[in-house]
Structures are given as C-alpha cells and as structure tokens.
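What follows is one structure encoded as structure tokens, with my remarks underneath.
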Protein chains: 2
Amino acid sequence: MELQEAKDKFIHTWGTLATQWGINRTMSQIHALLLLSPQALNADQIMAELQISRGNVNMNLRDLMSWGLIFKQLLPGERKEYFVAEKDIWKVARQIAKERKRREIEPILGTMDDIKKELKGDTEEKKEVLRIIDEISHVTEFADSTMDSILKAEENWLLTNFLKLFKN
Amino acid sequence: MELQEAKDKFIHTWGTLATQWGINRTMSQIHALLLLSPQALNADQIMAELQISRGNVNMNLRDLMSWGLIFKQLLPGERKEYFVAEKDIWKVARQIAKERKRREIEPILGTMDDIKKELKGDTEEKKEVLRIIDEISHVTEFADSTMDSILKAEENWLLTNFLKLFKN
DNA sequence: TTGAATTTTCAAAATTTTCTGAAAATATTT
DNA sequence: AAATATTTTCAGAAAATTTTGAAAATTCAA
C-alpha cells in the first residue's frame, strides 16, 4: 500500500466512524487529513483534497478550532490562513473528553438535578423515579471524573500499573 | 412538579441528549419510558404514550433488545408482548459499554491494524503516519480496557478509592 | 383448518442534517 | 481610496435519516 492510499483509507474510515458517535463526517475527515499532514494546509488545499465546497471547509475548520483540535497558523509571506492539527494523540483525547464533558455531561447532570429538586414526594412510584435519576447522576459523575483522572494521570505508572490489576 | 411531568421531562431530555451521541431519539425515549415504568408495557401503550407509529415502536424495541437494554416479558393470559427495561443503571452502563466496544472500538482497531500491516516503508512521512496510527490504536486500547476494568470493578472500594487520589 | 389478534416489513413521505455556491463582509496591498 | 485577495455567511439544494401506515407474515385459539 502506498502512502496516499493509506492516508485515504484512514481519512475515509475516520469519517465513517465519526458519524456513529454523532460527529459530522466532514469535520472528522478534515481533522484526519490535518493529523496526517506534515505541513499546515489552507482552505483551498482541503477543498481539493476532500472534494468539498469552500463553505463546508470553512464551517468545519471553525468547529474544529472550537473543539481545540486544530490551530490557525500564519505563514510568513502568505496571505492565506493555514491550519495544523494537534499531533499528540493523548492531548487530542484529553481535549475531546474535556469538551464532551462541558457540552454533554454537564447538561445531563443539570437536568437530573432539576428534576430531583422539583420532584418531592413519597409515593412508591415517585421514590422509584428518584432512585433511577439518582443512579444515573451517580454513574455519569463516576464515568466523568474517572475519565478525567485517567487522562490526567496517563503517564503515571502507579495508576497505570494499578489498573492492570483489574484487567480481565 | 408532578410525577407525570417529571417523567415527561426525563424522557424528553434523554431523547435530546441521545441524538448528540449518535443514538436515535425515539429509541432513547422508549428506553427512558420503560426505565421509569413500574410495569412492563406493550407496543400499543408505548405508541399512545410517545405518540408514534407502530412500525417505529416495533423497530426500536428490537434495537433495544439487541443492545441488551430491554427484555420481552410474556404475561400469563395476555396475547400481546410486554417489555421491561433493565433497571440497574450500573448494568445498563456496562451493557452499553460492552456493545459500543463490539460495534465501534473493534472496527477502529481493525482498520488501524490493516493500514499498519500494509503500509511498510521508511520514508520520514510514512514513519510519521505509522506513528499517528499506532498512537490512536494505543489510546483506543487503553480507553477500552480501562473502561472494562472499571465497570467490572465498580464495586471494588480499593480501585474506587485509589482513583480518588488522582481526581483534580 | 379458519379466522382473529398481533407482529413485522418496507416503500414512500416527512423530517433533519449537511453541503453548496454565490454574495457579503473583511483584510491586505498598491 | 480603489483594487484585489481571502474569509464568512446563509438561503436553498441535496443527502441522509427517521417515521409512517398499510400490507404481509406470523401466532394462537377455537
């Protein structure tokens, strides 16, 4: 397999997988393209490479920046804006986790709390609904904070080795 | 807030959040409805409650069963099929993690391996692409197996307390 | 069997999401 | 300040996904 072929396969796969996670296909493909590109790319290059419109490229580049996954790079003597991706995959994972937390975990916990606060009562059924809502908050918080500490401690051999005790 | 109001709010929120995760809104709402329902429900009841068509209910009930989140329940003397949700939220989380692993993690690792195997070479750029692909596999495997061990060991105070050391 | 109740299927319709491309806005150079 | 290059916006088009509902298949009882 030649380099270009491998890149294309990666970009294509990454786009397909993204849709399963509720992420826009084109956004993922642009991200993948930049991840694999040794140089920064401008909008025209991305348009040509992925065969998509200028508007589409522009919109998704800005989305990727808001996720903190790519950065603008101004090249000396160049009028156009260039973009580079964060290449450290651990940083990428940490950044995605952080954003998903802000955009998704917080709203879940917020709504559960709202309902919990407003739904007072001690009939059997109310208690049961409250129990489920409590458990969901609990599991969500656990998953969230655990992901935090793991991403934060990723290079920490103590945690890493300790976790191994619980594998399989 | 009354019981019905709280339930509706929960069901609605759950459906909205689901779409952000790439999960069908109706599927989530049916799941939420069954989670909160003390009795098993049949297709007609779900249709009435959520105001959706029979075909839609049927399709999503079968999806939820394939995820292992709900079960058929045959009531004595009843011709219709009834459905109940698994109510233990930890089991639900474990089941979702397990299914996502099978459906999403494995394909990622598979494709990365394919590319890795086929893309031999030692130009600088090939090496860089291989490095990125390796790192992605690495991070994915780490996240995957860590999630496994945590869900498996969820009630283990030792792990839980150890993890606390790494919070914040 | 036959017939009624129930579930499943799936083509077409509705809805939602994504994408395009040209016009408007902004930035830079002469 | 005018001309040129570049980026951004956004209404309408296209594509993808979800939903409907009626027909077909299945199940069960008489």
Side-chain angles (χ1 to χ4, degrees), chain A residues 11-34 39-67 70-84 103-104, chain B residues 11-34 39-67 70-84 103-104:
Chain A
I11 291 168
H12 177 262
T13 309
W14 212 237
T16 303
L17 289 167
T19 59
Q20 294 183 310
W21 288 86
I23 295 162
N24 178 288
R25 169 186 271 101
T26 304
M27 177 167 144
S28 280
Q29 289 184 332
I30 294 177
H31 185 220
L33 176 64
L34 289 174
Q39 308 93 29
L41 300 178
N42 64 39
D44 291 283
Q45 293 171 313
I46 296 170
M47 285 166 68
E49 197 74 48
L50 302 179
Q51 303 279 358
I52 55 180
S53 73
R54 183 176 304 284
N56 199 1
V57 168
N58 186 270
M59 209 198 80
N60 284 298
L61 283 174
R62 274 173 321 105
D63 266 1
L64 284 166
M65 284 192 288
S66 84
W67 277 81
I70 66 170
F71 307 97
K72 241 184 219 174
Q73 194 168 76
L74 296 175
L75 298 187
E78 275 279 8
R79 186 88 171 265
K80 287 179 179 161
E81 294 176 332
Y82 283 73
F83 298 87
V84 275
R103 297 173 192 224
E104 291 159 17
Chain B
I11 291 168
H12 178 263
T13 310
W14 212 237
T16 304
L17 289 166
T19 57
Q20 295 183 310
W21 287 88
I23 294 161
N24 178 289
R25 169 186 271 99
T26 304
M27 177 167 142
S28 281
Q29 288 184 333
I30 294 177
H31 185 220
L33 175 64
L34 290 174
Q39 309 94 26
L41 300 179
N42 63 38
D44 290 284
Q45 293 171 312
I46 296 170
M47 284 167 68
E49 197 75 48
L50 302 180
Q51 303 278 0
I52 54 179
S53 72
R54 183 177 304 284
N56 199 1
V57 168
N58 186 270
M59 209 197 82
N60 284 297
L61 282 174
R62 273 171 325 101
D63 267 0
L64 284 166
M65 283 193 287
S66 83
W67 276 80
I70 67 170
F71 306 96
K72 241 182 220 176
Q73 194 168 76
L74 296 177
L75 297 188
E78 276 279 9
R79 185 84 174 270
K80 286 180 180 162
E81 295 177 331
Y82 283 74
F83 298 86
V84 276
R103 297 174 193 224
E104 291 159 16

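Below, chain A is the first sequence line, B the second, and so on; all start at residue 1.
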Separation of D:dT7 atom P from A:Asp44 atom CG, nearest Å, is 7 Å
On DNA chain D, does the nearest nucleotide to A:Asn42 precede the nearest nucleotide to B:Gln51 from the 5' side, or the other way round? Give the residue.
A:Asn42
Measure CZ/B:Arg79 against P/D:dA30 and give the value in whole Å, please.
9 Å
Looking at DNA chain D, which of residues 52-67 of chain A put a heavy atom within less than 4.0 Å of it?
A:Arg54, A:Gly55, A:Asn58, A:Arg62
Expressed in angstrom and rounded to an integer, what is the separation of B:Arg25 atom CZ from C:dA14 atom C1'?
14 Å
Side chain to side chain, A:Tyr82 and A:Gln45, heavy atoms closer than 4.5 Å
yes
Would a 4.5 Å heavy-atom cut-off, applied to side chains only, mark B:Met27 and B:Leu64 as touching?
yes
Less than 4.5 Å apart, any side-chain heavy atom of A:Trp67 and any of A:His31?
no
Taking only N and O in the side chain of B:Thr26, is any of them less than 4.0 Å away from OP1 or OP2 of D:dT18?
no
Rounded to the nearest Å, what distance is computed from the CD atom of residue B:Glu78 to the P atom of nucleotide D:dT27?
19 Å
Single hit among B:Asn56, B:Ile70, B:Leu41 for side-chain contact (heavy atoms from CB on, under 4.5 Å) with B:Leu61:
B:Ile70
Measure the distance from CD on B:Gln20 to P on C:dT17 and round it to the nearest whole Å.
11 Å
Figure out the CE/C1' separation between A:Met47 and C:dC19, and round it to whole Å.
12 Å
Side-chain N,O (A:Thr19) to OP1/OP2 (D:dA16) below 4.0 Å:
no
Between C:dC19 (C1') and A:Leu50 (CG): distance, integer Å:
13 Å
Just so I know, are the side chains of B:Asn58 and B:Arg62 near enough to count as touching, which here means a heavy-atom distance under 4.5 Å?
yes
Test item: B:Ile52 and B:Thr26 side chains (from C-beta on) under 4.5 Å apart, heavy atoms:
yes
Atom CG of A:Leu75 and atom P of C:dT28: how far apart are they, to the nearest Å?
14 Å
